2 protein chains.
Amino acid sequence: MRGRGRGPWWQDRLQGTGARITAPRELIIEILHETDDHVSAADVYIRAHQINPSIGLTTVYRTLDMLTQLGIVQKFDFGDGKARYELVNNPNGKKHHHHLICLRCKTIMDYSEFLDEELEFVKKTAGKLSKKYNFEITDHAISFYGLCERCR
Amino acid sequence: MRGRGRGPWWQDRLQGTGARITAPRELIIEILHETDDHVSAADVYIRAHQINPSIGLTTVYRTLDMLTQLGIVQKFDFGDGKARYELVNNPNGKKHHHHLICLRCKTIMDYSEFLDEELEFVKKTAGKLSKKYNFEITDHAISFYGLCERCR
DNA sequence: ACTTATAATGAAAATGGTTTTCAATATCAA
DNA sequence: TTGATATTGAAAACCATTTTCATTATAAGT
Ligand SMILES: [Mn+2]
Ligand SMILES: [Mn+2]
Ligand SMILES: [Zn+2]
Ligand SMILES: [Zn+2]
């Protein structure tokens, strides 16, 4: 059923690129799995460090980068000075969604309602844009900014 | 016709908040006017410095921040490690638009076609979201990612 | 015009997230 | 089991941005 893998879904993805399965990588992915908010590298480091104190912040950065490269993780900048990461589109992971960002307290909320309307709009617009600008569109992001319930 | 202003449009906006009209601020706004791409603080500083070498980078940052606060400038992060700025919605300035971002060469293109479809979609979605999450939506951003003509 | 309170400025130093370096270690194909 | 080499963690470097603080410029009031 699985290609060459003898482990979870993500191990195949790593090995496919020649990357090795290591304890730090396993732990970091596990941590990403367990959280469902938008964590910074430091967030991940703190949690990883509690479980395995030998892990270094550098490795967290490197692993998050690699996972971003592979498309397993998505990297965001919400304007608070540090990058934030989140697992995407995997078994257990979140599905395609967008963000509601509070300009005052910087809270980030996911929403995935109304994807049917979105799909229609995005497909139409992406099609026109890629034709007009000869641009190959592979992804998109939609964000709404404003004031959350507590800040308004 | 103009409120209290005896200068260009933006001077009224500044004075309205109690801010003073200064040479550095005039120059920085002029530079933003003259460019039509997405400049970093350092970009602005270099150009400003050529005209008036006494200007400091700190002032460029402070002025861009202030203009962002006032909504005269929009601040972006396209993932290359430095913030980028662009004049918005002013006489001479660009109108509302969105971005096409090349994941390989990091080129950023503006597009403002198809705003009618967008308006319809955004209005509908924003309405539903603000009701459902009790979130006051004041702005939005739509970005498409992929490969530009030269990189595909 | 002159005065004056204070907003704004620039240089330098500090900050803080991220990246680089490098010697030690762990992984995995053979 | 071995060995080539990918990966690791600590420390240092990097670099965009912010803070500090003494000096200067603005504009309101006279
Ligand atoms: Mn999210
Ligand atoms: Mn733009
Ligand atoms: Zn809020
Ligand atoms: Zn490109």
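Every value quoted in this text rests on a predicted model; they were computed, and no experiment measured them. Chain letters run A, B, ... following the sequence lines, proteins first, then strands; residues in each count from 1.
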Stepwise side-chain contact (heavy atoms from CB on, under 4.5 Å) check, A:R62 with A:T59:
CA-CA 5 Å; A:R62 284 190 284 229; A:T59 297; 3.9 Å; yes
note: B:D77, atom CG; D:dA16, atom P; distance rounded to Å ~ 13 Å
Nucleotide D:dA25, atom C1' - distance to CG of B:N52 in whole Å
13 Å
Tell me the interatomic distance from B:R25, atom CZ, to D:dA25, atom C1', rounded to whole angstroms.
11 Å
For A:Y45 and D:dT8, what is the distance between atoms OH and C1' respectively, to the nearest whole Å?
13 Å
Can you name the residues that form a ring pair (Phe, Tyr, Trp, His ring centres under 6.0 Å) with B:Y45, not counting sequence neighbours?
B:H49
Could you tell me how far apart B:H49 (NE2) and C:dA11 (P) are, to the nearest whole angstrom?
7 Å
Rounded to the nearest 0.5 Å, what's the gap from CG on A:L27 to OG1 on A:T63? Could you check?
9.5 Å
Relative to the 5' end of DNA chain D, which residue comes earlier, B:K75 or B:I21, by the nucleotide with the nearest heavy atom?
B:K75
What's the separation between atom CD1 in A:I29 and atom CG in A:L87, rounded to the nearest 0.5 Å?
8.0 Å
Contact under 4.0 Å: A:R20 side-chain N or O vs D:dT8 OP1/OP2
no
Please state how far atom CZ in A:R84 lies from atom P in C:dG17, giving the value in whole angstrom units.
10 Å
Base, sugar-phosphate, or nothing for B:A42, non-hydrogen atoms under 4.0 angstrom?
nothing
Polar contact flag, side-chain donor to acceptor under 3.5 angstrom, B:H140-A:H98:
no
Between C1' on D:dT7 and CD on A:Q15, what's the gap in Å once rounded to a whole number?
15 Å
Want to settle it: does A:A23 or B:T22 sit nearer the 5' end of DNA chain C, counting the closest nucleotide to each?
B:T22
Classify the ring geometry of A:F144 against A:Y111: parallel below 30°, tilted from 30° to 60°, perpendicular beyond 60°.
tilted
Using atom CG of A:L14 as one end and atom C1' of D:dT8 as the other, report the distance to the nearest whole Å.
15 Å
What's the verdict on side-chain contact (heavy atoms from CB on, under 4.5 Å) for A:I51 and A:E30, showing C-alpha distance, side-chain angles and the deciding distance?
CA-CA 11 Å; A:I51 297 169; A:E30 192 181 317; 5.5 Å; no
Looking for any heavy atom pair under 4.0 Å, which part of the strands does A:A83 touch: base, sugar-phosphate only, or nothing?
sugar-phosphate
Can you list, in residue-number order, the parts of residues 54-63 of chain B that come under 4.0 Å of DNA chain C, counting heavy atoms only?
B:S54, B:I55, B:G56, B:T58, B:T59, B:R62
